[in-house]
Structure formats: structure tokens, C-alpha cells
Asker: 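Take a look at the following structure, please.
All values below come from the heavy atoms of this structure, side chains included, with hydrogens, waters and symmetry mates left out. Please read these numbers as outputs of a predicted model, since none were measured by experiment.
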Amino acid sequence: MGKSKQVGNHKKKSVAKIWKTKRRTKDLDQIHADMIPANAAKLLKQDVDYDVTGSAQHYCLHCSRYFVDLKTMKEHFKTKVHKKRLKTLREEPYTQAEAERAAGMGSYIPPKTNIEVHTQQVEEDMN
């Protein structure tokens, strides 16, 4: 028994890289932009889209996730993942001006942590 010859380039992709990109979610600054009331209203009242989980009717604004039904979304609000996300969203998003100040192009001002973030209100439709 000998070693088989490889024909062509059979390099495998890094498994870690595949999983990182597969589960990629929105960044915190994008979620802060979604939390603006005008954008939030659009995301929470989406049209029915059968290609998205739960027909795009049950959406967690803070975690940017869709859920199958209302019960699953309510259970998600009680999880550690959601609570940690709320805690991280309390801090002001990182900006280019802050990066320049940290690099020495101005006096450094630490980020503010007084942004109030609460779990979204859920409308229960009993049709």
C-alpha cells in the first residue's frame, strides 16, 4: 500500500474561518443604527417574507435575529446571550473621531456608558 497521489490543489479551508463567517452577525455600531426609532419601526414591522425564519415577523432588534414564533422570542429575551448583548449596547459606539483621539490627534475622551437600552416591547396577536 502506497500513498495516493493528489491531483490538483486539494487544500482544505480552515474550519475556524468557515464557522466564523457562517455565524457572522451585525456589529454593535450597525445595531446602534438600527435602534434609531425610524429604523427600528421598519425592522419590527416587516412584510411577510417566507425566505426568512418565522416569515420575518418575530425579530430581536438588539441581537439582530429572527425567531420562529412569539414564544421562542420571549424565551430568548430571558437568555444570557440577550442580556449580555443589552449590556454591551449600553456603551456608545466606537467612532473614527475617538480612534483619532486615542492615536494622539486630540485629547482622549472615554466612551460614555449611559445609553439606556431595554428589551423591546412585544405585541401579542392572538388571531
Asker: In terms of the angle between their ring planes, are His62 and His82 parallel, tilted or perpendicular, with boundaries placed at 30° and 60°?
Answerer: perpendicular

Asker: Using side-chain heavy atoms (C-beta onward) and a distance below 4.5 Å, is Met35 in contact with Leu89?
Answerer: yes

Asker: With rounding to the nearest 0.5 angstrom, report the OG1 to CZ distance, Thr72 to Arg65.
Answerer: 10.0 Å

Asker: List the residues meeting side chain to side chain donor-acceptor pair (under 3.5 Å) with Thr95, not counting sequence neighbours, and say none if there are none.
Answerer: none

Asker: State, to 0.1 Å, how close Leu28 and Arg85 come at their nearest heavy-atom pair, and which atoms those are.
Answerer: CD2-CD, 3.9 Å

Asker: State the OH-CG distance between Tyr59 and Asp34, to the nearest 0.5 angstrom.
Answerer: 5.5 Å

Asker: Could you pull out the closest heavy-atom pair between Asp47 and Ala56, with the gap in Å?
Answerer: O-CB, 4.0 Å

Asker: Out of curiosity, Thr53 OG1 to Asp69 CG, how far, rounded to the nearest 0.5 Å?
Answerer: 11.5 Å

Asker: Could you tell me whether a side-chain N or O of Gln46 sits under 3.5 Å from a main-chain N or O of Ser55, the two making a donor and an acceptor?
Answerer: no

Asker: Looking only at heavy atoms, what is the nearest atom pair of Leu61 and Leu43, with distance?
Answerer: CD1-CD1, 3.7 Å

Asker: Does the Gln30 side chain pair with the main chain of Asp27, one donor and one acceptor, at a distance under 3.5 Å?
Answerer: yes

Asker: Quick check for you: to the nearest 0.5 Å, what is the distance between Asp29 atom CG and Glu92 atom CD?
Answerer: 12.0 Å

Asker: Which pair of heavy atoms, one from Pro93 and one from Glu98, lies closest together, and at what distance?
Answerer: O-OE1, 4.3 Å

Asker: Ring centroid separation for His58 and Tyr66, is it under 6.0 angstrom?
Answerer: no

Asker: If every non-hydrogen atom of Phe67 is compared with every non-hydrogen atom of His76, which pair is closest and at what distance?
Answerer: CZ-CG, 3.2 Å

Asker: Is the number of heavy atoms from other residues, nucleotides or ligands within 6.0 Å of NZ (Lys26) greater than 12?
Answerer: yes

Asker: Consider side-chain contact (heavy atoms from CB on, under 4.5 Å). Of Met73, Glu75, Lys74, which one does Lys71 pass it with?
Answerer: Glu75

